[in-house]
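Notes to accompany the following structure.
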Amino acid sequence: MTPGGQQFGFSLSAREDAAPGVDPTSAIAVSTLTSTARDILEGAFPPIWVRGEVTGFKAHRNGHWYFTLRDRMAQVRAVVWSKDTRGIPAQPDEGMQIAAFGNLSVYPAKGEMQFVVRRMEAEGDGLWRKAVERTRLKLEAEGLLDVARKRPLPRYPRRVAVVTSPDGAALRDIVAVIRRRAPMVEVVVVPAAVQGDAAILELCAALARVGRWREADVVIVARGGGSREDLWAFNDERLARAVIACPLPVVSGVGHEVDVTICDMVADVRAATPSAAAEAVVRDHAELATELTTAERRMARALTKRVDRAKSELQWIASALRNRVVRTTERRRARLSELGAQLNALSPLATLSRGYAVARGADGRALMSVESFKLDQPFDLVLRDGTIGARVTRTDRP
Amino acid sequence: MSFEKRLRRLEEIVRELESDEIELERALALFEEGISALRAATEDLGKVEARLQRLVERTDGSFEVTDFRE
(Lines give C-alpha, C1' and ligand atoms only; values in the text may rest on other atoms or scores of the structure.)
Protein backbone atom coordinates (compact mmCIF):
# COMPACT_ATOMS: atom_id res chain seq x y z
CA MET A 1 0.00 0.00 0.00
CA THR A 2 1.61 3.19 -1.12
CA PRO A 3 0.53 6.60 0.06
CA GLY A 4 -0.85 8.88 -2.57
CA GLY A 5 -4.25 9.86 -3.85
CA GLN A 6 -4.57 8.30 -7.27
CA GLN A 7 -5.25 4.78 -6.22
CA PHE A 8 -8.29 5.95 -4.19
CA GLY A 9 -9.75 7.81 -7.13
CA PHE A 10 -9.77 11.32 -5.68
CA SER A 11 -11.41 13.88 -7.91
CA LEU A 12 -11.61 16.81 -5.55
CA SER A 13 -8.35 18.46 -6.45
CA ALA A 14 -8.44 21.74 -8.20
CA ARG A 15 -5.88 20.67 -10.68
CA GLU A 16 -6.35 17.42 -12.50
CA ASP A 17 -2.71 17.08 -13.41
CA ALA A 18 -1.28 17.36 -9.87
CA ALA A 19 -1.58 14.83 -7.04
CA PRO A 20 -4.12 16.03 -4.44
CA GLY A 21 -2.76 17.55 -1.28
CA VAL A 22 0.65 18.40 -2.65
CA ASP A 23 0.10 22.11 -2.30
CA PRO A 24 -2.48 24.43 -0.70
CA THR A 25 -4.49 24.73 -3.88
CA SER A 26 -4.96 20.97 -4.13
CA ALA A 27 -5.69 20.50 -0.38
CA ILE A 28 -8.12 17.69 0.30
CA ALA A 29 -11.19 17.86 2.56
CA VAL A 30 -11.09 16.48 6.15
CA SER A 31 -13.79 13.96 5.29
CA THR A 32 -11.65 12.77 2.39
CA LEU A 33 -8.76 12.29 4.76
CA THR A 34 -10.74 10.31 7.31
CA SER A 35 -12.62 8.20 4.82
CA THR A 36 -9.35 7.49 3.02
CA ALA A 37 -7.79 6.51 6.32
CA ARG A 38 -10.79 4.28 7.01
CA ASP A 39 -10.47 2.55 3.67
CA ILE A 40 -6.79 1.99 4.19
CA LEU A 41 -7.25 0.64 7.72
CA GLU A 42 -10.12 -1.61 6.79
CA GLY A 43 -8.13 -2.98 3.89
CA ALA A 44 -5.03 -3.44 6.00
CA PHE A 45 -6.49 -5.72 8.68
CA PRO A 46 -8.51 -8.81 8.12
CA PRO A 47 -11.17 -9.41 10.81
CA ILE A 48 -9.13 -10.21 13.88
CA TRP A 49 -9.37 -11.19 17.57
CA VAL A 50 -8.06 -8.54 19.96
CA ARG A 51 -7.79 -8.92 23.72
CA GLY A 52 -7.97 -6.23 26.33
CA GLU A 53 -9.86 -4.80 29.28
CA VAL A 54 -13.26 -3.18 28.90
CA THR A 55 -13.61 0.33 30.22
CA GLY A 56 -16.19 3.08 29.83
CA PHE A 57 -18.86 0.70 28.58
CA LYS A 58 -22.05 2.32 27.42
CA ALA A 59 -25.11 0.72 25.85
CA HIS A 60 -26.69 3.50 23.82
CA ARG A 61 -30.41 3.92 23.41
CA ASN A 62 -30.03 3.26 19.68
CA GLY A 63 -28.92 -0.27 20.56
CA HIS A 64 -25.24 0.11 19.81
CA TRP A 65 -22.62 -0.55 22.48
CA TYR A 66 -19.63 1.73 22.96
CA PHE A 67 -16.56 1.14 25.08
CA THR A 68 -12.81 1.39 25.20
CA LEU A 69 -10.59 -1.65 24.92
CA ARG A 70 -7.24 -1.18 26.58
CA ASP A 71 -4.13 -2.69 28.03
CA ARG A 72 -1.34 -1.08 30.04
CA MET A 73 0.21 0.57 27.00
CA ALA A 74 -2.61 1.55 24.72
CA GLN A 75 -6.29 1.81 24.11
CA VAL A 76 -8.74 1.80 21.22
CA ARG A 77 -12.35 2.91 20.95
CA ALA A 78 -14.69 0.03 20.26
CA VAL A 79 -18.25 -0.28 19.06
CA VAL A 80 -20.73 -3.13 18.67
CA TRP A 81 -23.55 -2.38 16.26
CA SER A 82 -26.95 -3.30 17.60
CA LYS A 83 -27.48 -6.08 15.05
CA ASP A 84 -24.33 -7.78 16.39
CA THR A 85 -25.19 -7.37 20.08
CA ARG A 86 -27.84 -10.07 19.74
CA GLY A 87 -25.16 -12.68 19.16
CA ILE A 88 -23.35 -11.74 22.37
CA PRO A 89 -24.80 -13.35 25.49
CA ALA A 90 -24.46 -10.35 27.79
CA GLN A 91 -22.97 -6.91 28.12
CA PRO A 92 -19.40 -6.98 29.39
CA ASP A 93 -18.71 -5.59 32.85
CA GLU A 94 -16.39 -2.72 33.56
CA GLY A 95 -12.84 -4.03 33.83
CA MET A 96 -13.69 -7.38 32.28
CA GLN A 97 -10.92 -9.05 30.26
CA ILE A 98 -12.34 -9.92 26.88
CA ALA A 99 -11.36 -11.06 23.44
CA ALA A 100 -13.21 -9.16 20.72
CA PHE A 101 -13.46 -10.18 17.11
CA GLY A 102 -13.89 -7.44 14.47
CA ASN A 103 -12.42 -4.91 12.10
CA LEU A 104 -10.30 -1.89 12.72
CA SER A 105 -11.90 1.17 11.20
CA VAL A 106 -12.18 4.91 11.50
CA TYR A 107 -15.16 6.88 12.70
CA PRO A 108 -14.98 9.87 10.35
CA ALA A 109 -17.30 12.13 12.32
CA LYS A 110 -14.84 12.18 15.20
CA GLY A 111 -11.72 11.33 13.30
CA GLU A 112 -11.18 8.48 15.70
CA MET A 113 -9.88 5.03 15.06
CA GLN A 114 -12.39 2.48 16.24
CA PHE A 115 -12.58 -1.26 16.51
CA VAL A 116 -15.90 -2.58 15.19
CA VAL A 117 -16.66 -5.66 17.28
CA ARG A 118 -18.86 -8.48 15.95
CA ARG A 119 -18.19 -11.21 18.49
CA MET A 120 -17.00 -11.16 22.03
CA GLU A 121 -15.81 -13.65 24.60
CA ALA A 122 -14.87 -12.96 28.16
CA GLU A 123 -12.19 -14.68 30.16
CA GLY A 124 -13.57 -17.76 31.95
CA ASP A 125 -16.79 -17.62 29.95
CA GLY A 126 -17.71 -14.50 31.91
CA LEU A 127 -20.33 -13.27 29.45
CA TRP A 128 -22.11 -16.60 29.22
CA ARG A 129 -22.12 -16.93 32.94
CA LYS A 130 -23.39 -13.43 33.30
CA ALA A 131 -26.22 -14.09 30.87
CA VAL A 132 -27.14 -17.36 32.61
CA GLU A 133 -27.03 -15.57 35.94
CA ARG A 134 -29.31 -12.82 34.70
CA THR A 135 -31.90 -15.33 33.48
CA ARG A 136 -31.52 -17.38 36.64
CA LEU A 137 -32.17 -14.38 38.86
CA LYS A 138 -35.22 -13.46 36.84
CA LEU A 139 -36.71 -16.94 37.09
CA GLU A 140 -35.78 -17.16 40.74
CA ALA A 141 -37.53 -13.87 41.49
CA GLU A 142 -40.67 -15.37 39.97
CA GLY A 143 -40.32 -18.40 42.22
CA LEU A 144 -39.85 -20.67 39.23
CA LEU A 145 -36.75 -22.34 40.66
CA ASP A 146 -38.38 -23.32 43.96
CA VAL A 147 -37.69 -26.88 45.00
CA ALA A 148 -41.37 -27.16 45.95
CA ARG A 149 -42.25 -26.78 42.27
CA LYS A 150 -40.40 -29.93 41.31
CA ARG A 151 -42.76 -32.67 40.29
CA PRO A 152 -41.99 -36.28 41.19
CA LEU A 153 -41.22 -38.64 38.33
CA PRO A 154 -43.49 -41.63 37.75
CA ARG A 155 -41.84 -44.68 39.28
CA TYR A 156 -42.64 -47.01 36.42
CA PRO A 157 -43.28 -45.04 33.22
CA ARG A 158 -44.79 -46.85 30.28
CA ARG A 159 -43.90 -44.24 27.69
CA VAL A 160 -41.03 -41.77 27.65
CA ALA A 161 -41.01 -38.80 25.26
CA VAL A 162 -37.57 -37.58 24.22
CA VAL A 163 -37.22 -34.04 22.90
CA THR A 164 -33.93 -33.97 21.05
CA SER A 165 -32.28 -34.13 17.67
CA PRO A 166 -33.41 -37.30 15.85
CA ASP A 167 -29.88 -38.04 14.70
CA GLY A 168 -27.86 -36.96 17.70
CA ALA A 169 -25.75 -39.04 20.04
CA ALA A 170 -28.05 -38.05 22.89
CA LEU A 171 -30.97 -40.02 21.45
CA ARG A 172 -28.78 -43.05 20.80
CA ASP A 173 -27.50 -42.98 24.40
CA ILE A 174 -30.99 -42.64 25.85
CA VAL A 175 -32.43 -45.46 23.75
CA ALA A 176 -29.50 -47.71 24.65
CA VAL A 177 -30.01 -47.15 28.39
CA ILE A 178 -33.77 -47.71 28.25
CA ARG A 179 -33.37 -50.85 26.13
CA ARG A 180 -30.89 -52.26 28.58
CA ARG A 181 -32.73 -51.40 31.78
CA ALA A 182 -36.40 -51.54 30.80
CA PRO A 183 -36.97 -52.94 27.31
CA MET A 184 -40.76 -52.79 27.64
CA VAL A 185 -40.78 -49.00 28.05
CA GLU A 186 -41.76 -47.15 24.88
CA VAL A 187 -39.59 -44.32 23.65
CA VAL A 188 -41.26 -41.64 21.52
CA VAL A 189 -38.93 -39.21 19.80
CA VAL A 190 -40.12 -35.62 19.46
CA PRO A 191 -37.61 -34.17 17.00
CA ALA A 192 -36.13 -30.70 17.44
CA ALA A 193 -32.95 -28.96 16.39
CA VAL A 194 -30.70 -28.64 19.45
CA GLN A 195 -28.31 -26.02 18.15
CA GLY A 196 -28.33 -23.16 15.72
CA ASP A 197 -30.84 -20.42 15.18
CA ALA A 198 -33.87 -22.68 14.93
CA ALA A 199 -33.08 -24.61 18.11
CA ILE A 200 -34.91 -22.48 20.66
CA LEU A 201 -38.16 -22.31 18.76
CA GLU A 202 -38.06 -25.96 17.74
CA LEU A 203 -37.34 -27.10 21.28
CA CYS A 204 -40.17 -24.96 22.66
CA ALA A 205 -42.54 -26.24 19.98
CA ALA A 206 -41.59 -29.85 20.66
CA LEU A 207 -42.23 -29.44 24.39
CA ALA A 208 -45.59 -27.82 23.69
CA ARG A 209 -46.45 -30.70 21.36
CA VAL A 210 -45.68 -33.30 24.02
CA GLY A 211 -47.79 -31.30 26.44
CA ARG A 212 -50.75 -31.30 24.08
CA TRP A 213 -50.33 -34.97 23.29
CA ARG A 214 -50.26 -36.01 26.96
CA GLU A 215 -49.79 -39.70 26.22
CA ALA A 216 -46.31 -39.89 27.65
CA ASP A 217 -45.58 -40.31 31.35
CA VAL A 218 -42.41 -38.25 31.43
CA VAL A 219 -40.31 -36.09 29.09
CA ILE A 220 -36.56 -36.01 28.61
CA VAL A 221 -35.02 -32.90 27.04
CA ALA A 222 -31.57 -33.84 25.90
CA ARG A 223 -28.50 -32.81 23.99
CA GLY A 224 -24.97 -34.19 23.96
CA GLY A 225 -22.01 -32.12 25.02
CA GLY A 226 -20.82 -29.16 23.01
CA SER A 227 -19.39 -25.69 23.24
CA ARG A 228 -21.06 -22.86 25.12
CA GLU A 229 -22.55 -21.63 21.88
CA ASP A 230 -23.83 -25.09 21.00
CA LEU A 231 -25.65 -25.38 24.31
CA TRP A 232 -26.92 -21.85 24.24
CA ALA A 233 -30.53 -22.68 23.40
CA PHE A 234 -30.72 -24.52 26.73
CA ASN A 235 -29.96 -21.30 28.56
CA ASP A 236 -32.72 -19.39 26.84
CA GLU A 237 -35.49 -18.01 28.98
CA ARG A 238 -38.13 -19.06 26.44
CA LEU A 239 -37.07 -22.69 26.69
CA ALA A 240 -37.10 -22.41 30.48
CA ARG A 241 -40.69 -21.23 30.35
CA ALA A 242 -41.65 -24.01 27.94
CA VAL A 243 -40.21 -26.58 30.37
CA ILE A 244 -42.13 -25.02 33.25
CA ALA A 245 -45.35 -24.93 31.21
CA CYS A 246 -45.08 -28.60 30.24
CA PRO A 247 -47.84 -30.54 32.03
CA LEU A 248 -45.60 -33.63 32.33
CA PRO A 249 -42.55 -33.97 34.54
CA VAL A 250 -39.42 -32.98 32.63
CA VAL A 251 -35.93 -34.41 33.03
CA SER A 252 -33.09 -32.38 31.59
CA GLY A 253 -29.99 -34.12 30.30
CA VAL A 254 -27.91 -31.54 28.53
CA GLY A 255 -24.19 -31.58 27.77
CA HIS A 256 -21.54 -32.95 30.09
CA GLU A 257 -21.32 -33.17 33.84
CA VAL A 258 -19.92 -29.69 34.21
CA ASP A 259 -22.50 -27.80 32.20
CA VAL A 260 -25.42 -26.55 34.26
CA THR A 261 -27.94 -24.82 32.06
CA ILE A 262 -31.07 -22.84 32.80
CA CYS A 263 -32.98 -25.79 31.38
CA ASP A 264 -31.39 -27.98 34.08
CA MET A 265 -32.47 -25.53 36.77
CA VAL A 266 -36.13 -25.44 35.81
CA ALA A 267 -36.48 -29.14 34.99
CA ASP A 268 -38.07 -31.38 37.59
CA VAL A 269 -34.95 -33.51 37.61
CA ARG A 270 -31.51 -32.48 36.38
CA ALA A 271 -29.36 -35.23 34.98
CA ALA A 272 -25.73 -34.62 34.11
CA THR A 273 -25.89 -36.30 30.69
CA PRO A 274 -28.52 -37.77 28.34
CA SER A 275 -27.64 -41.29 29.59
CA ALA A 276 -28.06 -40.18 33.19
CA ALA A 277 -31.45 -38.69 32.26
CA ALA A 278 -32.56 -42.06 30.91
CA GLU A 279 -31.31 -43.74 34.06
CA ALA A 280 -33.26 -41.29 36.20
CA VAL A 281 -36.43 -42.04 34.26
CA VAL A 282 -36.50 -45.84 34.04
CA ARG A 283 -35.57 -48.16 36.86
CA ASP A 284 -33.52 -51.21 36.13
CA HIS A 285 -35.67 -54.26 35.60
CA ALA A 286 -33.22 -56.48 37.42
CA GLU A 287 -33.80 -54.24 40.41
CA LEU A 288 -37.56 -54.55 39.96
CA ALA A 289 -37.33 -58.32 39.74
CA THR A 290 -35.47 -58.32 43.05
CA GLU A 291 -38.17 -56.11 44.49
CA LEU A 292 -40.85 -58.57 43.36
CA THR A 293 -38.99 -61.45 44.97
CA THR A 294 -38.74 -59.48 48.18
CA ALA A 295 -42.47 -58.74 48.08
CA GLU A 296 -43.16 -62.42 47.61
CA ARG A 297 -40.99 -63.37 50.56
CA ARG A 298 -42.58 -60.74 52.78
CA MET A 299 -46.07 -61.90 51.86
CA ALA A 300 -45.24 -65.52 52.60
CA ARG A 301 -43.64 -64.63 55.89
CA ALA A 302 -46.59 -62.44 56.92
CA LEU A 303 -49.09 -65.13 56.04
CA THR A 304 -47.17 -67.84 57.88
CA LYS A 305 -46.98 -65.60 60.90
CA ARG A 306 -50.71 -64.94 60.77
CA VAL A 307 -51.57 -68.63 60.38
CA ASP A 308 -49.25 -69.53 63.27
CA ARG A 309 -51.00 -66.99 65.39
CA ALA A 310 -54.38 -68.45 64.47
CA LYS A 311 -53.06 -71.90 65.35
CA SER A 312 -51.86 -70.86 68.77
CA GLU A 313 -55.13 -69.02 69.40
CA LEU A 314 -56.97 -72.18 68.56
CA GLN A 315 -54.77 -74.20 70.92
CA TRP A 316 -55.43 -71.77 73.70
CA ILE A 317 -59.16 -71.96 73.15
CA ALA A 318 -59.09 -75.76 73.09
CA SER A 319 -57.20 -75.99 76.33
CA ALA A 320 -59.48 -73.44 77.97
CA LEU A 321 -62.42 -75.48 76.84
CA ARG A 322 -60.93 -78.68 78.21
CA ASN A 323 -60.29 -77.05 81.58
CA ARG A 324 -63.83 -75.83 81.68
CA VAL A 325 -65.18 -79.33 80.99
CA VAL A 326 -62.98 -80.90 83.63
CA ARG A 327 -63.97 -78.36 86.21
CA THR A 328 -67.68 -78.72 85.41
CA THR A 329 -67.50 -82.52 85.69
CA GLU A 330 -65.77 -82.34 89.03
CA ARG A 331 -68.36 -79.95 90.36
CA ARG A 332 -71.14 -82.22 89.21
CA ARG A 333 -69.55 -85.25 90.74
CA ALA A 334 -69.27 -83.51 94.09
CA ARG A 335 -72.87 -82.39 93.92
CA LEU A 336 -73.91 -85.90 93.08
CA SER A 337 -72.27 -87.47 96.09
CA GLU A 338 -73.69 -84.75 98.28
CA LEU A 339 -77.17 -85.49 96.97
CA GLY A 340 -76.51 -89.20 97.45
CA ALA A 341 -75.78 -88.65 101.11
CA GLN A 342 -78.92 -86.59 101.54
CA LEU A 343 -80.91 -89.22 99.77
CA ASN A 344 -79.46 -91.91 101.92
CA ALA A 345 -80.51 -90.07 105.03
CA LEU A 346 -84.08 -89.98 103.78
CA SER A 347 -84.18 -93.51 102.46
CA PRO A 348 -86.96 -95.73 103.90
CA LEU A 349 -84.48 -98.56 103.70
CA ALA A 350 -82.82 -97.10 106.76
CA THR A 351 -86.14 -97.44 108.61
CA LEU A 352 -86.68 -100.96 107.31
CA SER A 353 -83.31 -101.96 108.61
CA ARG A 354 -84.59 -101.16 112.01
CA GLY A 355 -87.38 -103.79 111.65
CA TYR A 356 -90.19 -101.84 110.09
CA ALA A 357 -92.04 -102.98 106.98
CA VAL A 358 -93.87 -101.10 104.26
CA ALA A 359 -97.07 -102.35 102.60
CA ARG A 360 -97.25 -101.74 98.89
CA GLY A 361 -100.20 -102.12 96.55
CA ALA A 362 -100.18 -103.71 93.14
CA ASP A 363 -99.44 -100.33 91.68
CA GLY A 364 -96.33 -100.09 93.89
CA ARG A 365 -97.67 -97.28 96.05
CA ALA A 366 -97.28 -97.49 99.79
CA LEU A 367 -100.49 -98.43 101.57
CA MET A 368 -100.47 -96.28 104.63
CA SER A 369 -104.02 -96.44 105.95
CA VAL A 370 -106.53 -99.17 106.94
CA GLU A 371 -108.78 -97.64 104.34
CA SER A 372 -106.34 -98.58 101.64
CA PHE A 373 -106.96 -102.27 102.33
CA LYS A 374 -109.88 -104.43 101.42
CA LEU A 375 -110.54 -107.90 102.67
CA ASP A 376 -108.75 -110.55 100.71
CA GLN A 377 -106.71 -107.96 98.82
CA PRO A 378 -103.18 -109.10 97.96
CA PHE A 379 -100.34 -106.71 98.70
CA ASP A 380 -96.61 -106.72 99.17
CA LEU A 381 -94.74 -106.28 102.35
CA VAL A 382 -91.35 -104.76 101.85
CA LEU A 383 -88.85 -105.78 104.48
CA ARG A 384 -85.18 -104.96 105.07
CA ASP A 385 -83.97 -107.81 102.90
CA GLY A 386 -86.82 -108.47 100.47
CA THR A 387 -90.48 -108.55 99.74
CA ILE A 388 -93.18 -111.02 100.69
CA GLY A 389 -96.67 -111.44 99.30
CA ALA A 390 -99.54 -111.06 101.81
CA ARG A 391 -103.35 -111.00 101.86
CA VAL A 392 -105.77 -109.09 104.08
CA THR A 393 -107.58 -111.41 106.40
CA ARG A 394 -108.97 -108.78 108.71
CA THR A 395 -109.21 -105.05 109.09
CA ASP A 396 -109.61 -103.35 112.41
CA ARG A 397 -109.97 -99.80 113.19
CA PRO A 398 -109.43 -98.71 116.69
CA MET B 1 -53.85 -52.99 35.10
CA SER B 2 -50.61 -51.12 34.48
CA PHE B 3 -47.33 -52.34 35.86
CA GLU B 4 -47.13 -49.31 38.13
CA LYS B 5 -50.64 -49.89 39.54
CA ARG B 6 -49.88 -53.54 40.03
CA LEU B 7 -46.71 -52.84 41.97
CA ARG B 8 -48.47 -50.26 44.08
CA ARG B 9 -51.24 -52.78 44.86
CA LEU B 10 -48.62 -55.34 45.74
CA GLU B 11 -47.04 -52.92 48.18
CA GLU B 12 -50.44 -52.30 49.79
CA ILE B 13 -51.04 -56.01 50.11
CA VAL B 14 -47.68 -56.65 51.75
CA ARG B 15 -48.23 -53.78 54.17
CA GLU B 16 -51.72 -54.93 55.12
CA LEU B 17 -50.60 -58.55 55.46
CA GLU B 18 -47.87 -57.46 57.84
CA SER B 19 -50.25 -55.51 60.08
CA ASP B 20 -51.21 -57.06 63.40
CA GLU B 21 -54.96 -56.56 63.26
CA ILE B 22 -55.63 -58.50 60.09
CA GLU B 23 -58.34 -61.20 60.08
CA LEU B 24 -57.17 -64.64 59.05
CA GLU B 25 -59.70 -64.90 56.25
CA ARG B 26 -58.64 -61.49 54.91
CA ALA B 27 -55.00 -62.53 55.12
CA LEU B 28 -55.66 -65.60 53.02
CA ALA B 29 -57.61 -63.62 50.39
CA LEU B 30 -54.88 -60.94 50.25
CA PHE B 31 -52.16 -63.51 49.88
CA GLU B 32 -53.98 -65.06 46.96
CA GLU B 33 -54.44 -61.67 45.31
CA GLY B 34 -50.80 -60.80 46.00
CA ILE B 35 -49.54 -63.94 44.34
CA SER B 36 -51.56 -63.28 41.19
CA ALA B 37 -50.38 -59.63 41.08
CA LEU B 38 -46.85 -60.87 41.50
CA ARG B 39 -47.21 -63.32 38.66
CA ALA B 40 -48.66 -60.65 36.33
CA ALA B 41 -45.92 -58.15 37.23
CA THR B 42 -43.23 -60.74 36.59
CA GLU B 43 -44.80 -61.43 33.23
CA ASP B 44 -44.76 -57.68 32.43
CA LEU B 45 -41.05 -57.60 33.16
CA GLY B 46 -40.42 -60.28 30.60
CA LYS B 47 -42.30 -58.51 27.81
CA VAL B 48 -40.58 -57.96 24.50
CA GLU B 49 -38.79 -54.81 23.52
CA ALA B 50 -41.08 -51.88 22.79
CA ARG B 51 -40.70 -50.10 19.47
CA LEU B 52 -38.98 -46.79 19.07
CA GLN B 53 -41.49 -44.27 17.80
CA ARG B 54 -41.77 -40.73 16.61
CA LEU B 55 -44.48 -38.25 17.57
CA VAL B 56 -46.13 -36.58 14.62
CA GLU B 57 -48.72 -33.83 14.95
CA ARG B 58 -51.13 -33.53 12.04
CA THR B 59 -52.32 -30.18 10.75
CA ASP B 60 -55.71 -30.73 12.39
CA GLY B 61 -53.97 -30.92 15.77
CA SER B 62 -54.38 -34.67 16.18
CA PHE B 63 -51.40 -36.86 16.95
CA GLU B 64 -49.89 -39.97 15.51
CA VAL B 65 -46.94 -42.09 16.53
CA THR B 66 -45.06 -43.69 13.70
CA ASP B 67 -42.11 -46.05 13.69
CA PHE B 68 -38.84 -44.29 14.08
CA ARG B 69 -36.04 -45.60 11.93
CA GLU B 70 -32.76 -45.54 13.78
Side-chain angles (χ1 to χ4, degrees), chain A residues 154-163 166-167 171-172 174-176 178-180 182-191 205-206 208-210 212-217 219 283 285-289 291-307 309-311 313-314, chain B:
Chain A
R155 290 185 66 191
Y156 314 102
R158 269 170 317 123
R159 199 175 283 141
V160 178
V162 182
V163 173
D167 36 41
L171 178 62
R172 278 202 308 280
I174 288 168
V175 169
I178 293 181
R179 283 288 151 80
R180 173 165 49 78
M184 74 186 204
V185 171
E186 269 180 48
V187 178
V188 179
V189 183
V190 190
R209 202 174 306 138
V210 174
R212 284 196 300 277
W213 183 44
R214 289 211 181 215
E215 301 275 328
D217 302 307
V219 187
R283 303 181 57 208
H285 275 199
E287 195 183 304
L288 284 178
E291 234 168 78
L292 289 181
T293 313
T294 309
E296 187 173 17
R297 208 174 302 131
R298 277 174 69 186
M299 279 201 316
R301 201 181 302 132
L303 188 72
T304 308
K305 202 175 133 202
R306 184 63 190 85
V307 168
R309 208 175 86 206
K311 236 188 256 171
E313 272 167 8
L314 209 57
Chain B
M1 198 191 278
S2 75
F3 186 73
E4 170 144 26
K5 276 210 190 97
R6 215 164 252 148
L7 277 187
R8 213 176 296 141
R9 178 71 194 128
L10 202 52
E11 271 167 34
E12 282 169 13
I13 288 173
V14 170
R15 218 171 308 126
E16 194 179 337
L17 262 177
E18 286 176 340
S19 80
D20 285 335
E21 288 93 43
I22 191 166
E23 294 282 335
L24 181 61
E25 209 168 311
R26 174 99 181 121
L28 288 167
L30 276 178
F31 183 75
E32 207 169 301
E33 189 193 340
I35 290 296
S36 76
L38 202 71
R39 209 165 284 150
T42 310
E43 233 168 75
D44 281 347
L45 280 188
K47 269 190 190 148
V48 286
E49 202 168 271
R51 285 175 308 173
L52 183 58
Q53 293 175 311
R54 175 200 289 262
L55 180 63
V56 178
E57 186 173 17
R58 299 199 198 86
T59 45
D60 65 357
S62 63
F63 290 94
E64 187 187 3
V65 282
T66 61
D67 274 2
F68 182 90
R69 269 171 239 289
E70 282 173 75

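Chain naming here is simple, since letters A, B, ... match the order of the sequence lines and numbering starts at 1 in each.
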- Within a strict 4.5 Å, meaning less than it, do heavy atoms of the E215(A) and L55(B) side chains meet?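 Side-chain contact under 4.5 Å: no.
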Which bit of [X] is near chain B, if near means a heavy-atom gap under 4.5 Å: side chain, backbone, both or neither?
{"X": "V162(A)", "result": "neither"}
{"X": "A310(A)", "result": "side chain"}
{"X": "V185(A)", "result": "backbone"}

What are the two closest heavy atoms between [X] and [Y], and how far apart are they?
{"X": "L38(B)", "Y": "L292(A)", "result": "CD1-O, 3.4 Å"}
{"X": "R209(A)", "Y": "F63(B)", "result": "CG-CE2, 3.4 Å"}
{"X": "R306(A)", "Y": "I22(B)", "result": "NE-O, 2.7 Å"}
{"X": "R309(A)", "Y": "D20(B)", "result": "NH1-O, 3.0 Å"}
{"X": "P191(A)", "Y": "R54(B)", "result": "CG-NH1, 3.2 Å"}
{"X": "L288(A)", "Y": "L7(B)", "result": "CD2-CD1, 4.0 Å"}

- Item | Full working for side-chain contact (heavy atoms from CB on, under 4.5 Å) between F68(B) and L171(A) | CA-CA 12 Å; F68(B) 182 90; L171(A) 178 62; 3.7 Å; yes
Spacing of [X] atom [atom1] and [Y] atom [atom2] [to the nearest 0.5 Å]:
{"X": "E32(B)", "Y": "M299(A)", "atom1": "CD", "atom2": "CE", "answer": "11.0 Å"}
{"X": "L24(B)", "Y": "L314(A)", "atom1": "CG", "atom2": "CG", "answer": "10.0 Å"}
{"X": "R155(A)", "Y": "R8(B)", "atom1": "CZ", "atom2": "CZ", "answer": "8.5 Å"}
{"X": "Y156(A)", "Y": "R6(B)", "atom1": "OH", "atom2": "CZ", "answer": "13.0 Å"}
{"X": "E43(B)", "Y": "M184(A)", "atom1": "CD", "atom2": "CE", "answer": "12.0 Å"}
{"X": "K305(A)", "Y": "L17(B)", "atom1": "NZ", "atom2": "CG", "answer": "10.5 Å"}

With a 4.5 angstrom heavy-atom cut-off, which part of [X] approaches chain A: side chain, backbone, both or neither?
{"X": "E23(B)", "value": "backbone"}
{"X": "I35(B)", "value": "both"}
{"X": "L10(B)", "value": "side chain"}

- Partner residues of R180(A) under the side-chain hydrogen bond (donor to acceptor under 3.5 Å, both in side chains) criterion, sequence neighbours left out: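 If we apply the side-chain hydrogen bond (donor to acceptor under 3.5 Å, both in side chains) test to R180(A), skipping adjacent residues, there are no hits.
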